[in-house]
Protein chains: 4
Amino acid sequence: MRRLDPVRHEGKRREILEAAGRCFVRHGFKGASIAAICTEAGISPGHLYHYFASKEAIIGAMADLRLTEMAQRFHDVAADKEAIPALLAELRRKKSRIRQATPMVLELLIESGRNPAIAKIMRESSRRMRDLLAELLRKGQASRQIDPAIEPETAATILMGVLDGLKIVALREPKFDTEKGLVMLETMITRFLMPPANGAQRDPGIADKRPDRALQ
Amino acid sequence: MRRLDPVRHEGKRREILEAAGRCFVRHGFKGASIAAICTEAGISPGHLYHYFASKEAIIGAMADLRLTEMAQRFHDVAADKEAIPALLAELRRKKSRIRQATPMVLELLIESGRNPAIAKIMRESSRRMRDLLAELLRKGQASRQIDPAIEPETAATILMGVLDGLKIVALREPKFDTEKGLVMLETMITRFLMPPANGAQRDPGIADKRPDRALQ
Amino acid sequence: MRRLDPVRHEGKRREILEAAGRCFVRHGFKGASIAAICTEAGISPGHLYHYFASKEAIIGAMADLRLTEMAQRFHDVAADKEAIPALLAELRRKKSRIRQATPMVLELLIESGRNPAIAKIMRESSRRMRDLLAELLRKGQASRQIDPAIEPETAATILMGVLDGLKIVALREPKFDTEKGLVMLETMITRFLMPPANGAQRDPGIADKRPDRALQ
Amino acid sequence: MRRLDPVRHEGKRREILEAAGRCFVRHGFKGASIAAICTEAGISPGHLYHYFASKEAIIGAMADLRLTEMAQRFHDVAADKEAIPALLAELRRKKSRIRQATPMVLELLIESGRNPAIAKIMRESSRRMRDLLAELLRKGQASRQIDPAIEPETAATILMGVLDGLKIVALREPKFDTEKGLVMLETMITRFLMPPANGAQRDPGIADKRPDRALQ
DNA sequence: GATGAATGAGGTTTCATTCAT
DNA sequence: CATGAATGAAACCTCATTCAT
């Protein structure tokens, strides 16, 4: 005579997770108290433990949620676009959400240095995004829109770092004109990825003094 | 009956700050306890309050120290170099220190979103670095090593973001081949900053479909 | 529309009580949680309260069960035997069950010092055992197998204490050679109970310096 | 410039331990709350942790204290007496203290089934008492006051069990006439230990049907 | 009968901070 | 300067119990 309703259960779990998310953004992982999360979620302190075994578990579930949905959305964006436009689209999407979600992802990054469970989740998510991005770059190289000398895996990692850097800019300079910055970042990425001008010999610049290493 | 030897006092303060730094790296701001810091510094809990009024004050002093020394070192590096080489030198220096110092700077960034005192210190430090970098870019433009179409202030901010992004790469993928990544990052920056090839018409790429906006 | 099948009800009650027993042995009365008992019994927390009004009630029922069955089994053993053999038989039975049941009976003893309800149950059970044992001793005295100078009630109490002491030996020294100990205990009881050698004047020993008091 | 005063520290520790002891007797290990112990000791809840790392540690220290002082006192009693008188003296001493200390020792016994640290302490204490008692028995055998057929180690263990059994009697029957019981117990022990009557052939009783096993 | 969601008091422990010495 | 005893609020978590379904 079972009556556990998995849908309701999962729904409540999600609600609590979202409340916890708001608290984490406001106060950080350590700073957000169970009591505060429960108040935010509208439940009693004890009841939270029907859904999560510990605060750690909440943070873990949070990491899973945030990083998975980040990878998923990037996947969606990438699905129906060419390489460079897909990348720039992700950039624009990120900008619009940056104020709210950023601190938590950064905190997950820091936490992953101390919490192996989080580290595992994050490595997995990073790997998925990187593979997707590298695949995108390879497609671009096949269609000659991206410099074939660029090694896709490494470039994917670097580009992810650049996207992350954008988040930090937002923290460092809250009043920064993001639209302006975004356009310039697009330029940077485009110039980085596009193939050298047809036939012409591009000025190699400093890095190109060791072109085999640089682009391989 | 001397009251205080300011030099000794300042020295002890610094020692405590360094001990605190080690604790902060290990456990975060909230996670590092006064007791742990005192143990690490080899003093008693009560005595710590002769040097710092509160834990907040320690974090503040820490922000001051870390961000100031970061700006200062960048200043040193930039002093006697041309624009692009200076930037790349900073990049290389960062790489060597990245494993240890990064989490704390990230934590300061996050803390600054919650703690106005830290935010103030960080904005000041960011401003100094950005101005310096912009000045460098301007010098590069004057000597025709850097694309004159680039707006220095915005580019400086973006470049700082890229440097920060490198830190995150290190957290995301601890086993990442940093040397390879570094070389590729150098390529990216170089291609971004260098002026278009002389006389030749560079393929504008996607972003260049709106070149006036992109390069401001 | 039947309301209740008393047999089924009682059966389930017993099942729960046994599950609770296993938990009590593992974790003690305070340490065993209702949740753990329910898991062990395979029912839901709410449902347990159809059978028992409270945790206290479970402990009470447990005391009833354990102490009653202990008295009952002693009764069975004693039924068809002579005095001393019956006592020794009980001793042997106890030895075989001692590892598992002991801690809970001890815990009931302690609990009875704090919980009047338990104390009442235990006094009743003790009284039954003592009366039975005293009766046995009296029968032994009538058939001249037991020293007539021994006062049956007091001796019964002492003998019960000795049986209990055996439990503690098992706790104190888990590796104790119980067979050896048992044989020696049998010797002790036998020497205590048996009448002085016929006609011979037994060496009174130290205690016998006040024989009237010692043997009452 | 150290100023830690080990004497004061140890004194306070002892005070707390005694307060904890009173609480443990009243409510048991699990039932006695840290808050209650602190109130009883007249300190704040947090301060207790300057002296004990955890509640477990308190129980451990308690076990150490109680069992050590029990062994020590038995040692003192045994020092200047003959075998049987020493044993009976310990018995009398135990009786006078039995109402208060018993439940805690029993609780330590139970706890030792669940807590290896306590178990270790207790085994050590048991071993010391048993060795001392066995030594006493051996001396008694040498001076012909104790039956030489008795194996000292096993008998020592059994006798300790009997002493413990006395504690349980006190719990089982709070109104039991302990003086009467004590005298009878003395008789039992005396009859058990004393050598067979000189020259006379003692009625072997039931156990003596296998005398080689029983007394060896 | 049976479930599991829900409560809220109370458990142990941590911690920044103060203060007498 | 320096210590460590001392505080008390608040942290995380557990648990017996109730109740709608």
Identify whether any heavy atom of [X] sits under 4.0 Å from a base atom; if not, whether one sits that close to sugar-phosphate; answer base, sugar-phosphate or nothing.
X	result
B/Phe52	nothing
D/Ala57	nothing
B/Ile34	base
D/Leu48	nothing
D/Ala32	sugar-phosphate

Does F/dA20 have a Watson-Crick or wobble partner in any strand here, with both distances under 3.5 angstrom, and which is it?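 Partner of F/dA20: E/dT3.
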Partner nucleotide, any strand, of F/dC12 [Watson-Crick/G-U, under 3.5 Å]: E/dG11
Whichever of C/Gly46 and A/Gly46 has the more 5' nearest nucleotide on DNA chain F, that residue is A/Gly46
More 5' along DNA chain F: D/Pro45 or B/His50, using each one's nearest nucleotide? B/His50
Whether B/Arg66 and B/Glu107 form a salt bridge (side-chain N of Lys/Arg under 4.0 Å from carboxylate O of Asp/Glu) is what I want to check.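 No.
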Looking at D/Lys30 and C/Phe29, would you say the former's side chain and the latter's main chain have a donor-acceptor pair under 3.5 Å? no
Is there a donor-acceptor pair under 3.5 Å between the side chain of D/Thr68 and the backbone N or O of D/Asp64? yes
Should the heavy atoms of other residues, nucleotides or ligands under 6.0 Å from CZ of B/Arg114 be counted, would the total exceed 12? yes
N or O in side chain of C/Tyr49 less than 4.0 angstrom from F/dC19 OP1/OP2: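 Result: no.
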Rounding to an integer number of Å, can you tell me how far [X] [atom1] sits from [N] [atom2]?
X	N	atom1	atom2	result
A/Arg13	E/dG4	CZ	P	17 Å
B/Lys12	F/dA2	NZ	P	6 Å
B/Ile37	E/dC15	CD1	P	11 Å
C/His27	F/dC15	NE2	C1'	14 Å
A/Asp5	E/dA6	CG	P	12 Å
D/His47	E/dT14	NE2	C1'	15 Å
A/Tyr51	E/dT7	OH	C1'	13 Å
A/Lys55	F/dA10	NZ	C1'	12 Å

Using heavy atoms to find the nearest nucleotide of DNA chain E for A/Arg8 and B/Glu56 separately, return the residue whose nucleotide is more 5′. A/Arg8
If you assign B/Phe29 and A/Gly42 each to the DNA chain E nucleotide with the nearest heavy atom, which residue ends up on the more 5' nucleotide?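 Final value for this comparison: A/Gly42.
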Base of F/dA5 paired with side chain of D/His9 (donor-acceptor, under 3.5 Å):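 Looking at the base of F/dA5, it does not pair with any donor or acceptor on the side chain of D/His9 (distance under 3.5 Å).
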Just how far is it from atom CZ of B/Phe24 to atom CD of B/Glu40, taken to the nearest 0.5 Å? 11.5 Å
Between E/dA6, F/dT7, E/dG1, which one does the side chain of D/Ser44 approach most closely?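 Closest nucleotide among those given: F/dT7.
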To the side chain of B/Ile43, which of F/dT3, E/dA16, E/dT3 is closest? F/dT3
Taking the inter-plane angle between the rings of C/His47 and C/His50 on a 0 to 90° scale, is it parallel (under 30°), tilted (30 to 60°) or perpendicular (over 60°)?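 Rings of C/His47 and C/His50: tilted, 30 to 60°.
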